[in-house]
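In what follows, a structure is listed as structure tokens, so that the remarks can point back to it.
Since the model is a prediction, treat every value here as computed from it, not as a measurement. Chain letters run A, B, ... following the sequence lines, proteins first, then strands; residues in each count from 1.
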Number of protein chains: 2
Amino acid sequence: MARPRTAPRTVDHPDLAQVDLQQVMEALVDPVRRMVVSQLARKGEDMSCGTFEAPVSISTLTHHFNVLREAGVIRQYYVGVTKMNTLRADEMEERFPGLLPAVIAACAAETGSGVD
Amino acid sequence: MARPRTAPRTVDHPDLAQVDLQQVMEALVDPVRRMVVSQLARKGEDMSCGTFEAPVSISTLTHHFNVLREAGVIRQYYVGVTKMNTLRADEMEERFPGLLPAVIAACAAETGSGVD
DNA sequence: CCATTACTTCGACGACAGTCGTAGTATAGA
DNA sequence: TCTATACTACGACTGTCGTCGAAGTAATGG
């Protein structure tokens, strides 16, 4: 019989018009979340939740993905049992011009050069 | 006789090279501190601590100025009994290109339009 | 139907940031 | 020398955020 006795898993995303600067700043102030954004930007393609490098547990990482998604920074969707992540770069650019690129560039500059 | 039995009040500022993104993000994530930065950018000239509008007490405001200064966002200097504040915009631009302007623009966009 | 994989939810805990009022300090002026 | 002004330093309090592990849920494959 039909297997899907529940609807396919969906994810809610805010319209960027209803996201304010405070929310985005709070999302981007956490170093782990910036690592996520940075890796996403660096890779240039969608990544599943399990493929990120971060010095925290899986459940904590889930929390960080939620914060980023609710701030409109990333978009998430399921592919089978895995959850994919994408930067909402274009939309963010329209809403907060220059902000995300500046942060990403700063991340890259810090992790790229041998600062430590 | 010579009155200055103490050296004139001075203020310490970090070299921007030794300020990291985390510190700047933490400085800019607080809405009161963004108000300070925003007013400084809007005014376009140095402002004394007492001339800022913020919904907090004076002592709290002092704390916010300290955070901004230690993050390299503002420069402070005494003029008699008042303390002046100025944005380190050019230096910040060199250290974290685009970051401060993006935040300032976002602040202006939010406070400018009748969002609430 | 069952096991596995991949992620989520929950509750608890610890740390720390923002806030205040009070008391203190440096400068200017009388 | 004394007072007023403008800001600072300190200690206390509070709320919130990041963190974890354990238990839960949904899809996939056998």
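A:Gln76 contributes no side-chain N or O that, together with a main-chain N or O of A:Val11, makes up a donor-acceptor pair within less than 3.5 Å. Counting only distance, with no hydrogens or angles, the side chain of B:Arg88 and the backbone of B:Arg69 share no donor-acceptor pair below 3.5 Å. Not a single donor-acceptor pair under 3.5 Å links the side chain of A:Arg34 to the backbone N or O of A:Cys107.
Rounding to whole angstrom units, CZ of residue B:Phe52 and C1' of D:dC7 are separated by 13 Å. To the nearest angstrom, C1' of C:dG18 lies 13 Å from CD of A:Glu26. Rounded to a whole Å, the OH atom of B:Tyr78 is 15 Å from the C1' atom of C:dA28. Summarising the geometry, the separation between CG on B:Asn66 and P on D:dA9 is reported as 6 Å, rounded to the nearest angstrom. Regarding A:Arg69, its CZ atom lies at a distance of 8 Å from the P atom of C:dT8, rounded to whole Å. Atom pair B:Gln23:CD and C:dA17:P shows a separation of 12 Å (rounding to whole Å applied). Summarising the geometry, the separation between CD on A:Gln76 and C1' on C:dC7 is reported as 10 Å, rounded to the nearest angstrom. One atom, CZ of A:Phe65, and another, C1' of C:dC7, lie 10 Å apart when rounded to the nearest Å.
Summary of the strand contacts: A:Asp30 and A:Val81 both lie near DNA chain D, and taking for each the nucleotide with the nearest heavy atom, the more 5' one is attributed to A:Asp30.
Base engagement by A:Thr62 is indicated by at least one non-hydrogen atom pair under 4.0 Å involving a base atom. Residue-level contact check: B:Leu61 touches neither bases nor backbone, having no heavy atom under 4.0 Å from any strand. Counting any heavy atom pair closer than 4.0 Å across all strands shown, A:His63 reaches a base atom.
Here A:Ile104 contributes atom CD1 and A:Met92 contributes atom CE; the two are 9.0 Å apart, rounded to the nearest 0.5 Å.
You'll find that the side chain of A:Ile58 is closest to C:dT8, out of C:dT8, C:dT19, D:dC20. The listed nucleotides are D:dC7, C:dC7, C:dC20; the one nearest the side chain of A:Ser48 is C:dC7.
Contact annotation: B:Ser57 side-chain N/O to C:dC20 OP1/OP2 distance is under 4.0 Å. Taking side-chain N and O atoms only, B:Arg9 has no distance below 4.0 Å to OP1 or OP2 of D:dC7. In this model, the phosphate group of C:dT19 is not approached by any side-chain N or O of B:Thr60 to a distance below 4.0 Å at OP1 or OP2. For A:Lys83 and C:dT8, the shortest distance from a side-chain N or O to OP1 or OP2 is below 4.0 Å.
Below the 3.5 angstrom threshold, one finds a donor paired with an acceptor across the side chain of B:Ser59 and the base of C:dG21.
Nearest heavy atoms, B:Val79 versus B:Met84: CG2-CG, 3.6 Å.
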